[in-house]
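Each remark here refers to the structure printed beneath this line.
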Amino acid sequence: MALQKETGILLDVDYENIGNESAIIVFLRTKKGIQKFFDSDFRPYFFAKAEQHAGMHFDKKFFLEIHLPENAKILDAEETEKSSEKIWKIFFHNTTDLKIARSVLKEIPGLKVFEYDIPFARRYLIDRGLSPMAGHEVSFEEMHGKKILKKILAFEEEKIPLKIAAIDIETYSPERFSNPQKDPILMISYADEKTGTVFSTKKQLCKSKNCIVSETEKEMIERFVSFLQEKQLDIIVSYNGDNFDFPYFRERSRKLKMEFDIGFENTPMIIRKKGLSDTSARFRGMQHLDAFSMLQMLSRFTVVSLIKYDLESVAKRLFGYEKKKITAKEINKIWETETGLEELVDYNLEDSVFALRIAKTYLQLLIEFCVLAKQDLFDVSRASASQLVEALLMRKAFELNALVPNRPSEDSVSARMQKTYIGGYVKEPIAGLHENIAVLDFRSLHPSIIISHNISPETLNCSHRECESGKNLSPEKDWFCEKKSGFLPMVLKEILGKRIEIKKELKKAKKGTAEYSQLEARSQALKILLNSHYGYLGFARARWYSMECARAVTAWSRQYIREVGQKTEATGFTVLYNDTDSCFLKIPKNKTQEDVKKFVEEINKDLPEAMDLELEGFYKRGLFVTRRESKQAAKKRYALIDFEDKLKIVGFEYVRRDWANIAKETQKQVISTILKDGKPEKAVEIVREKIAELKSGRTLKKDLVIMTQIKRPLDKYSSIGPHVAAALKAVKKGKEIETGSVVEYIITKSGESISEKAQLEEFVKEGNYDANYYITHQLLPAVIKILKELGYSEDDLIQGGKQQKLGAFG
DNA sequence: TAATTCGCTAGACCGA
DNA sequence: TCGGTCTAGCGAA
């Protein structure tokens, strides 16, 4: 049989049971569309190791003769080596047998099993070193119409543009929610990079361009399904399709007795429950990218910072676009009265357009994660920090022929959670307004410490005498081997090296080019992964958990930043502030910026190779304030202005979402006027004006709204704060408030306590606000700390003079 | 249901 | 009605 070749982008790996054998299926996006290849040579397996102290001996015959329930069989057992220790690799015909066998082998005394919970498809990706979303070349044979994969290798040159499109549905909801048992899908929109299409059943829309009108809902869905099948998408985008659109499609299809098979080769959709309320929708071959899940993932990595996740808020925040919202009630009305159908079409389509736009904005970054962690787009776009780190470590462990540690039991998870350790060092700042500041910080402090001191679970407290007192003895008295490179440092060294290389290339590349944005995404992905490893070490559910390692990292971080501080002072600068990896210093009159640069160089000479103190920047002025309830200066709050008059506000109310706009904006203006020209009189004037505005009752709702997240079920609160009180009142009025949602409330005139006065913004009329509250609890607290540093008191801010008491407002 | 610790501030809550 | 303590949320690194 002749060997053929094909190249393409690896989209997905899955498996199928053919007879008794589990066979891997590789989905490759080739120039001819998605193609699938079978690899039946790859067998499911896990490891079993004799526990040394037990003194038991196991041979091949032992494994092959183990009796398993349900006719399950061990295919083969092979003795091999992992981390220079003998270990048995146990093979199976299929994944069902593997699952049965692992629970039996787990119970055999003296035997320990490993890597038994790695899903088969992922096992394949790891063992074959494949990166989803990257180019590959396959060699295959054609047999009975099936393509049998013989070999698969990376093929970097492959550049096929992926077919990506978004979909969105509108549903009928005569009651509070749409119920897929009764309420039909009204419209379905589809948007790709060039075209938009809307499916509906309203005859009036026949003449509208972009509309495909059907007689019935069933026909509409059928036409949509065949439309999608024709498109052969590589990536299908939705906005919350995991929890809404696709489960709704499933329920409606069941009800209408039809199939909803939009996966590759008309395979069905797979809807999985993950947790109590969350689901996910997955297809074969074609990757489902839920832009909503993706944004949540990106916010966990602080790539995006979003307050509310509804499409309108996101469009505003990311693209500055004011998207019109049509509420469920309005949709019903449009549908019933058949007026405004065109607007509904536009709305439906716009949702798809924006879902697509959001997805495309971050696709490059996600693809880099796929390549690094060797996970498909579906998994990566829904992953947590620990999942990504762990995926990367598992693949590295395979490459280095090291055994992957098992997941901890629930008992050891809770035991681990009891243990805590000390974190970074934060120095109390010198309060006040300062001039001529330099900020230094360590580049990737935690990873560089891990590399420099060879911190890793398996190098911890090694048996060498010499290592006990060498350079890798941590301030917490744990030590790390100096003779053998640790697993974690090896991994991080590689990532750090790659990142430095990419940054060099980035300097050569032209801004705005495709190459530039790819390098940028790669650098960002590497940075995120790099910085997630330290937290992972202290994460109780981590396979590579080590509290001692995490503790050592922070202990050294404290030591290094303190040393920088001491040297700073010894050189004649003043340390204004330290937080974990940064040092703020004041440049005295007799020193220059050049002196700072020289000083940084000097420090770097004494640091280990992987560590690097960087000059973050110079600032014209900086402000630190004292805390509200003490004379101490506040940590983690400051404002800086550089020589281009660019403002940097950190930690203050201005950057917090749980403060009203009126307070935040006024605070920003105050900080800005003070830092720009150092004259506070104008700032005082601004505050007085704002107080007058509040008193007059003219302030608009949008400037009074306070946003706070409801973080638990409403009945689980022991202390009822304003946000909970507002939510409870809203629930009584028939509103549904889920855990995790952000409530927007206003402190109104009616009620005694603040909680009593709190009402959701949507139930409050313009002008109904407690001016006294907003002056004394929002505006003044936000600005007084700052103005106090310049010698002003609260009374100075209040128009009308000092004799008036604060309680006089209202 | 999944990275860490450090830190600030508010408003409720509770007992005198 | 007061002052201290606790609950809660969010941000910095």
Side-chain angles (χ1 to χ4, degrees), chain A residues 273-278 297 300-302 305 307 382-390 407-408 410 413 416-417 419-429 441-442 444-446 528-547 549-551 553-555 557-558 561 577-583 616 625-630 632-638 648-659 663 706-712 716-725 742-743 747 752-758 773 776-778 781-782 785:
Chain A
K273 271 237 178 284
K274 22 165 230 186
L276 285 171
S277 59
D278 276 10
M297 177 260 182
R300 287 197 285 274
F301 292 97
T302 62
S305 148
I307 299 166
R382 292 162 180 77
S384 64
S386 69
Q387 282 172 322
L388 274 191
V389 168
E390 205 153 86
R407 282 211 186 99
E410 280 310 305
V413 168
R416 286 173 178 188
M417 291 211 269
K419 292 197 237 169
T420 54
Y421 59 92
I422 302 169
Y425 167 66
V426 190
K427 183 192 183 296
E428 188 192 325
D441 55 21
F442 280 102
S444 303
L445 176 65
H446 293 143
I528 289 167
L529 268 172
L530 203 56
N531 290 336
S532 305
H533 279 78
Y534 149 71
Y536 173 84
L537 275 174
F539 172 49
R541 307 189 109 87
R543 290 175 189 262
W544 277 274
Y545 167 88
S546 170
M547 195 272 279
C549 289
R551 183 170 71 183
V553 172
T554 55
S557 83
R558 295 191 296 274
I561 201 65
Y577 178 53
N578 293 120
D579 188 350
T580 313
D581 61 355
S582 65
C583 183
E616 195 265 342
V625 299
T626 42
R627 279 173 39 185
R628 188 156 165 73
E629 296 294 343
S630 75
Q632 286 158 36
K635 300 166 175 178
K636 297 188 187 283
R637 300 192 150 203
Y638 58 86
K648 189 176 176 185
I649 301 178
V650 178
F652 278 115
E653 286 75 7
Y654 172 68
V655 299
R656 296 180 64 97
R657 67 169 172 208
D658 54 352
W659 280 75
I706 298 165
M707 291 195 265
T708 311
Q709 199 181 8
I710 298 292
K711 302 191 76 146
R712 57 182 75 167
K716 292 281 192 301
Y717 280 92
S718 65
S719 175
I720 311 296
H723 67 299
V724 181
V742 174
V743 294
I747 303 303
E752 283 304 312
S753 68
I754 293 168
S755 282
E756 273 177 47
K757 292 179 181 182
Y773 170 84
T776 59
H777 289 250
Q778 292 277 328
K785 292 170 282 231

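Only heavy atoms go into these numbers, but all of them, side chains included; no hydrogens, no water, no symmetry mates. All chains are named by letter (A, B, ...) in the order of the sequence lines, taking the proteins before the strands, and each is independently numbered beginning at 1.
Residue-level contact check: Leu537(A) touches neither bases nor backbone, having no heavy atom under 4.0 Å from any strand. Using a 4.0 Å heavy-atom cutoff across all strands shown, Thr554(A) reaches no nucleic acid atom at all. Using a 4.0 Å heavy-atom cutoff across all strands shown, Gly535(A) reaches at least one base atom of the nucleic acid. Residue Lys785(A) is classed as a sugar-phosphate contact, given heavy-atom separations below 4.0 Å to backbone atoms only. No contact: His533(A) has no heavy atom under 4.0 Å from any strand.
If you check dA12(B), dA13(C), dA2(B) against the side chain of Phe539(A), the one that comes closest is dA2(B). Side-chain proximity of Asp579(A) to dA3(B), dA13(C), dC10(C): nearest is dA13(C). Closest to the Tyr421(A) side chain, of the nucleotides dT5(B), dG9(C), dT9(B), is dT5(B). Residue Asp581(A) places its side chain closer to dA13(C) than to any other of dA12(C), dA13(C), dA10(B). Distance from the side chain of Ser386(A) is smallest to dA2(B) among dA2(B), dG9(C), dG11(B). Side-chain atoms of Lys711(A) lie closest to dG9(C) of the nucleotides dG9(C), dG11(B), dA2(B). Here the side chain of Tyr638(A) is nearest to one of dG11(B), dA3(B), dA13(C), namely dA13(C).
Of the side-chain N and O atoms in His446(A), none sit less than 4.0 angstrom from OP1 or OP2 of dT4(B). Look at Thr708(A) and you won't find any side-chain N or O under 4.0 angstrom from OP1 or OP2 of dA8(C). Between Arg628(A) and dA10(B) there is a side-chain polar atom (N or O) within less than 4.0 angstrom of OP1 or OP2. Of the side-chain N and O atoms in His777(A), one or more sit less than 4.0 angstrom from OP1 or OP2 of dG11(B). Side-chain N/O atoms of Lys635(A) include one lying less than 4.0 angstrom from OP1 or OP2 on dG7(B). The side chain of Arg637(A) places no N or O atom within less than 4.0 Å of a non-bridging phosphate oxygen (OP1 or OP2) of dC8(B). For dA2(B), the OP1/OP2 oxygens have no side-chain nitrogen or oxygen of Gln387(A) closer than 4.0 Å.
Lys648(A) is linked by a salt bridge (charged side-chain N to carboxylate O under 4.0 Å, His left out) to Glu616(A), counting only residues two or more places apart in sequence or in another chain. Not counting sequence neighbours, the partners of Tyr638(A) by the ring-ring contact (aromatic ring centres under 6.0 Å, His included) test are Tyr577(A), Phe584(A), Phe624(A). Applying the ring-ring contact (aromatic ring centres under 6.0 Å, His included) test to His446(A) and every residue at least two apart in sequence or in another chain returns Tyr534(A). For Asp579(A), the salt bridge (charged side-chain N to carboxylate O under 4.0 Å, His left out) partners two or more places apart in sequence, or in a different chain, are Lys636(A). Phe539(A) meets the ring-ring contact (aromatic ring centres under 6.0 Å, His included) test with no other residue; sequence neighbours excluded.
A 4.5 Å side-chain heavy-atom check between Arg656(A) and Met707(A) finds every atom pair outside the cut-off. At least one side-chain heavy atom of Tyr717(A) sits less than 4.5 Å from a side-chain heavy atom of Lys711(A). Side-chain contact between Phe442(A) and Ser557(A) is absent, with no heavy atoms from C-beta onward closer than 4.5 Å. Between His777(A) and Ile747(A) the shortest side-chain heavy-atom distance does not fall below 4.5 Å.
In this entry the distance linking CD1 of Ile710(A) with C1' of dA8(C) reads 11 Å, nearest Å. Atom CG in Asp658(A) sits about 6 Å away from atom C1' in dC10(C), given to the nearest Å. One can place OH of Tyr773(A) at 9 Å from P of dA12(B), the figure rounded to the nearest angstrom. The interatomic distance linking Asp441(A) (CG) with dA12(C) (C1') rounds to 13 Å, in whole Å. Distance, Ile706(A) CD1 to dG11(B) C1': 12 Å, rounded to whole Å. In this structure, Phe652(A) places its CZ atom 13 Å from C1' of dA12(C), rounding to the nearest Å. Across the protein-nucleic acid pair, Arg551(A) atom CZ and dT4(B) atom P stand 17 Å apart, rounded to whole Å. Counting to the nearest Å, the P atom of dA3(B) and the NZ atom of Lys419(A) are 19 Å from each other.
The base of dC10(C) lies close enough to the side chain of Arg656(A) for a donor and an acceptor atom to sit less than 3.5 Å apart.
Remark: the separation of the C1' atoms in dT1(B) and dG11(C) is 23 Å, to the nearest Å. Rounded to a whole angstrom, the distance from the C1' atom of dA12(C) to that of dA3(B) is 15 Å.
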Close N/O contacts between protein and nucleotides 3-7 of chain C (under 3.5 Å):
unit_1 : atom_1 : unit_2    : atom_2 : d
dT7(C) : O3'    : Ser718(A) : OG     : 3.2

